Amino acid sequence: MDMKGLQLSLSVPNQASSPANPDRAQEPRPATQETLAPGALLLRGIAAAFVPILLDDLARIVAEAPLRHMKTPSGLRMSVAMSNCGPLGWISDRAGYRYSALDPDRGRPWPPLPASFLQLAQSAAAQAGFPDFVPDACLINRYAPGAKLSLHQDKDERDFSAPIVSVSLGLPAVFLLGGLRRADRPSRHLLQHGDVVVFGGPSRLRYHGILPIQAADITAHPQLENIRINLTLRKAR
DNA sequence: CAGTATCG
DNA sequence: ATAT
């Protein structure tokens with residue numbers, strides 16, 4: 001049977017609807033914000049004005065520190081390709097999850113955190129009630145169609161008082177936001193190009209994840225053809 | 001357990 | 001959805 005047709009006909013609970021008018025599908029969306037949970041805020045479209053400089057900086061970063069598929073501690077390949085910038089980078093291998101000042105693939109420091117990343121993250125954090133956010137790590141995630149990130153907690157940082165700031169570019173994704181226990185049923189939220197999620201305070205340790213990405217035609221940015229890029233800024237130390 | 005396999 |  002045609003499972004794709006069936007899935008397209010099903011509504012996704014708790015998920016925002018897409019624009020009905022195709023002519024407006026890639027217009028800049030007005031900046032709106034939605035509280036997903038206490039301490040978790042979705043800022044729709046706020047990265048739009050930053051996109052050209054973000055992509056320019058991103059191209060230089062991944063030219064120096066290439067995206068790669070890390071391994072889980074159990075030795076399995078992650079479907080999301082990752083790199084980092086900033087003083088610290090999140091890495092995963094058989095030795096576990098941790099932050100490292102050196103890119104293990106190159107034996108060199110990660111590229112610097114660009115001003116564009118820092119300014120966007122601090123602006124988003126301030127709007128969410130975290131005016132003093134100073135990230136020291138940015139994880140870069142590249143999702144091709146089919147890539148996903150199953151439900152997990154960000155708990156490798158020393159300082160849980162700082163929020164996580166997550167920037168979405170390119171293909172849309174369904175974001176799962178769970179509770180503090182893995183068994184808590186997640187809510188679902190559509191993340192689109194230019195959206196930023198900030199989660200901190202009582203939501204800092206919520207389980208979260210991304211459903212498998214679906215291919216689509218976004219057309220606006222050749223660098224984002226058929227991929228989703230997620231920038232996740234953190235204070236690791 | 002940031003993945004995958006298997007089950008009803 | 002559930003085990004791991």
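The sequence lines fix the lettering, A, B, ..., with proteins before strands; numbering per chain opens at 1. Remember, it's a predicted structure, so these values are computed and weren't measured experimentally.
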Atom pair OG (A/S83) and CG (A/D105), whose distance is rounded to the nearest 0.5 Å: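 Between atom OG of A/S83 and atom CG of A/D105 there are 8.5 Å.
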Interatomic distance, A/I210 atom CD1 to A/L176 atom CG [nearest 0.5 angstrom]: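 Atom-to-atom, A/I210:CD1 and A/L176:CG are 7.0 Å apart.
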Nucleotide [N], atom [atom2] - distance to [atom1] of [X] in whole Å:
X: A/M70; N: B/dA2; atom1: CE; atom2: C1'; value: 11 Å
X: A/H152; N: B/dT4; atom1: NE2; atom2: C1'; value: 17 Å
X: A/Y143; N: B/dA2; atom1: OH; atom2: P; value: 13 Å
X: A/R228; N: B/dA2; atom1: CZ; atom2: C1'; value: 14 Å
X: A/L151; N: B/dG3; atom1: CG; atom2: P; value: 10 Å
X: A/F199; N: B/dA2; atom1: CZ; atom2: P; value: 14 Å
X: A/R182; N: B/dT4; atom1: CZ; atom2: P; value: 14 Å
X: A/D93; N: B/dA2; atom1: CG; atom2: P; value: 14 Å

Same-atom distance (P) from B/dC1 to B/dA5, integer angstrom: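 Approximately 14 Å lies between the P atom of B/dC1 and that of B/dA5.
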Watson-Crick or G-U wobble mate for B/dC1, both contacts under 3.5 Å: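 Result: none.
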For B/dC7, the Watson-Crick or wobble counterpart (both distances under 3.5 Å):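 Its partner: none found.
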Donor/acceptor link under 3.5 angstrom from A/N141 side chain onto base of B/dA2: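 It does not, because no donor-acceptor pair links the side chain of A/N141 to the base of B/dA2 below 3.5 Å.
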Distance test, side-chain N/O of A/R234 to OP1/OP2 of B/dA2, below 4.0 Å: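 The answer is no; no side-chain N or O of A/R234 sits under 4.0 Å from OP1 or OP2.
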Any A/K155 side-chain nitrogen or oxygen under 4.0 Å from OP1 or OP2 of B/dA2: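 The answer is no; no side-chain N or O of A/K155 sits under 4.0 Å from OP1 or OP2.
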N-O pairing of [X] and [Y] below 4.0 Å:
X: A/D93; Y: A/R98; answer: yes
X: A/K235; Y: A/D132; answer: no
X: A/R234; Y: A/D154; answer: yes

Sugar-phosphate only, base, or nothing, as touched by A/S150 at under 4.0 Å among non-hydrogen atoms: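 A/S150: base contact, heavy atoms under 4.0 Å.
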Closest to side chain of A/L76, choosing from B/dT4, B/dA2, B/dC1: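 For the A/L76 side chain, the nearest candidate turns out to be B/dT4.
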